[in-house]
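Here the structure comes first, spelled out in structure tokens, and everything after it is commentary.
Residue numbers run from 1 in the order of the sequence given. Start at 1 and go down the list; that is how both ligands and their atoms are numbered. What's counted below: heavy atoms across the whole structure, side chains too, no hydrogens, waters or symmetry copies.
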Amino acid sequence: MKNKLGRSFLRFDSVSSTNDVARELALAGASEGLCVIAREQTAGRGRQGRSWSSPPGEGLYMSLILRPQVTASAAAMITLAAAVAVAETLTLDFQAAADIKWPNDVLVRGRKICGILVEAAIEGDRLQYAVVGIGVNIAQRFFPKQITDGATSLFLETGRTIVPEDLMGVMLPRLDHWYAVSMSQADAVIARWGELSSSAHDCLVRVESLDGSVEGVTRGLTATGALIVELANGERREIVSGEVKVRAVSA
Ligand code: BTN
């Protein structure tokens with residue numbers, strides 16, 4: 001069957017945030033698979049209230065509208081599936097060895113190259129729609145000083161000059177595939193995610209969340225995508241949101 005995602009596109013020169021545009025369109029009834037892409041974002045957003053640096057022509061800034069017939073809890077699986085699709089694209093199609101940090105930061109050589117922001121509208125226990133926003137650093141040679149140590153781009157990693165729409169064209173079939181898998185075989189997404197994440201298992205981490213912070217060793221993901229962290233006293237916590245800081249690879 002032909003790809004469902006990205007069958008229709010809306011391209012903009014400059015928007016505040018492609019997620020905002022996609023959300024407006026979803027509220028107005030836009031179909032599943034519509035993809036919004038912009039050359040520049042003036043107010044690109046990241047997780048946990050952060051901004052996403054989006055200079056004109058230097059990155060891929062795209063948002064997809066999804067309308068899965070699932071309960072709200074499935075939104076976590078969409079997030080993991082998107083990270084798998086991006087990591088596979090960078091590794092297999094662009095030879096930039098990508099690593100996923102829970103839940104969905106995509107890194108190359110320990111530096112962030114892609115961020116994913118999934119925003120879902122929930123009614124009762126059903127997902128009405130989800131907007132999957134993906135930002136990939138492509139052409140940057142330098143970054144704003146607040147993120148300069150932690151960020152990288154496809155140009156810095158591969159020396160290649162890549163057109164954002166070409167990257168999107170290669171990524172969409174992988175997104176389509178992993179989205180479909182996430183709806184029917186969540187365990188396959190979890191397994192692939194684990195293969196693509198060097199910190200999923202046996203890694204000493206600190207997780208900071210609104211509930212405080214915990215330190216422990218990662219023990220993989222639950223069936224619903226929560227990160228399992230084993231504390232020093234042997235207790236296992238299931239983390240559903242937060243920021244993971246990798247301390248060290250542990251035994
Ligand atoms: C993060 O790592 O914090 C997530 C960053 C997500 C950035 C993308 S760029 C396209 C879409 N529009 C936004 O405003 N954010 C997402």
With backbone taken as N, CA, C and O and side chain as the heavy atoms from C-beta onward, which portion of [X] lies under 4.0 Å from ligand 1: side chain, backbone, both, or neither?
{"X": "Lys112", "value": "side chain"}
{"X": "Ile134", "value": "backbone"}
{"X": "Ile116", "value": "backbone"}

Value rounded to 0.5 Å, distance of [atom1] in [X] from [atom2] in [Y]:
{"X": "Thr218", "Y": "Trp102", "atom1": "OG1", "atom2": "CH2", "answer": "12.0 Å"}
{"X": "Ile134", "Y": "Met168", "atom1": "CD1", "atom2": "CE", "answer": "10.5 Å"}
{"X": "Ile228", "Y": "His201", "atom1": "CD1", "atom2": "NE2", "answer": "8.5 Å"}
{"X": "Ile138", "Y": "Leu167", "atom1": "CD1", "atom2": "CG", "answer": "4.5 Å"}

Same cluster (ILVMFWY, side-chain, under 4.5 Å), Tyr179 and Trp193: no
Verify same cluster id: Leu25, Leu64 (apolar side-chain graph, 4.5 Å): no
Within ligand 1, which atoms have a heavy atom of [X] less than 4.0 Å away?
{"X": "Met62", "result": "10 (C)"}
{"X": "Asp105", "result": "2 (O)"}
{"X": "Gly46", "result": "1 (C), 3 (O), 4 (C), 5 (C)"}
{"X": "Gly44", "result": "14 (O)"}

What protein heavy atom sits nearest [atom], and how far off is it?
{"atom": "atom 12 (N) of ligand 1", "value": "Gln41 OE1, 2.8 Å"}
{"atom": "atom 15 (N) of ligand 1", "value": "Arg45 O, 2.7 Å"}
{"atom": "atom 3 (O) of ligand 1", "value": "Arg47 N, 2.6 Å"}
{"atom": "atom 8 (C) of ligand 1", "value": "Gly135 N, 3.6 Å"}
{"atom": "atom 10 (C) of ligand 1", "value": "Thr18 OG1, 3.3 Å"}

Full working for side-chain hydrogen bond (donor to acceptor under 3.5 Å, both in side chains) between Thr71 and Asp125: CA-CA 5 Å; Thr71 57; Asp125 71 337; 5.7 Å; no
Note, Asp99 side chain near Arg109 side chain (heavy atom, < 4.5 Å):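 They are not in contact (no side-chain heavy atoms under 4.5 Å apart), so the answer is no.
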Heavy-atom check, side chain of Lys112 versus side chain of Ile147, under 4.5 Å: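 Lys112 vs Ile147: side chains apart.
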For [X], is at least one N or O under 3.5 Å away from an N or O on ligand 1?
{"X": "Trp52", "answer": "no"}
{"X": "Arg50", "answer": "no"}
{"X": "Ser17", "answer": "yes"}

Short side-chain to backbone donor-acceptor contact, Asn137 and Thr152, under 3.5 Å: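 Between the backbone of Thr152 and the side chain of Asn137 there is a qualifying donor-acceptor contact (under 3.5 Å).
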